[in-house]
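I have placed the structure first, in the form of structure tokens, so that the comments after it can refer back to it.
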Amino acid sequence: QVQLVESGGGLVQAGGSLRLSCVASGRTFSSYAMGWFRQAPGKEREFVSAISSSGDNIYYADSVKGRFALSRDNAKNTVYLQMNSLEPEDTAVYYCGATWRRIAGYYSVSGWYDHWGQGTQVTVSS
């Protein structure tokens, strides 16, 4: 069983930056692919970014490509989502997910992930 805890959210002005962290419990973190999704009020949860267990493959939604960067530190059981040039449209609750499955072809499907954190709020003011 993996437990995930997100942090790093907050209120930031448009154009600013935030770095989200997701810390996983357990000793098998390096076996899990990790993903970030977000959900704005009244909208469905949408894919943001994902990284394979090895870190060799990283995927981004078109809406964040070039602005967000995902990385992982398996020694610290942590994934980081660096968010730059934030826009009001990025306002949402951001969730970290983990899956033991290979994510190639399925990284953007929330149902592919087995474990989720509680989420962290990101608010971008205009």
Subject >> Step-by-step side chain to side chain contact (heavy atoms under 4.5 Å, CB included) determination, Y80 to L20 >> reply: CA-CA 6 Å; Y80 303 99; L20 304 184; over 6 Å; no
**OP:** Decide side chain to side chain contact (heavy atoms under 4.5 Å, CB included) for T78 and R72; before the verdict, give the C-alpha distance in whole Å, the side-chain angles of both, and the deciding distance to 0.1 Å.
**Re:** CA-CA 6 Å; T78 303; R72 67 186 297 158; over 6 Å; no
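- Figure legend: cation-pi geometry between R45 and W116, with NZ or CZ positioned under 6.0 Å from the six-membered ring centre and within 45° of its axis.
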**OP:** In sequence, state the C-alpha distance, the side-chain angles, and the governing distance for L86 and F68, and then conclude on side chain to side chain contact (heavy atoms under 4.5 Å, CB included).
**Re:** CA-CA 9 Å; L86 283 162; F68 290 11; 3.9 Å; yes
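- Although no hydrogens or angles enter the test, the distance criterion places no donor-acceptor pair under 3.5 Å between the side chain of Y60 and the main chain of R67.
- Taking every heavy atom of both residues into account, T91 and A40 meet most closely at O-CB, 3.7 Å.
- For the 3.5 Å distance criterion, the side chains of R38 and Y94 qualify, holding a donor opposite an acceptor.
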**OP:** Test S53 against S31 for side chain to side chain contact (heavy atoms under 4.5 Å, CB included), laying out the working first.
**Re:** CA-CA 5 Å; S53 58; S31 299; 5.7 Å; no
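- Heavy atoms from other residues, nucleotides or ligands lying under 6.0 Å from OH of Y106 number 12 at most.
- Here the side chain of S85 pairs no donor or acceptor atom with the backbone of G15 at under 3.5 angstrom.
- Surrounding CD of Q3 are at most 12 heavy atoms belonging to other residues, nucleotides or ligands under 6.0 Å away.
- The aromatic rings of Y107 and F47 lie tilted to each other, with the angle between the two planes from 30° to 60°.
- A donor-acceptor pair is defined here as one N or O able to donate and one able to accept, closer than 3.5 Å; no such pair exists between the side chain of T99 and the backbone of Y113.
- The only member of I103, I51, V48 that meets side-chain contact (heavy atoms from CB on, under 4.5 Å) when paired with Y59 is I103.
- W36 and V12 fall within the same hydrophobic cluster, where Ile, Leu, Val, Met, Phe, Trp and Tyr residues are linked whenever their side-chain heavy atoms come under 4.5 Å apart, directly or through other members.
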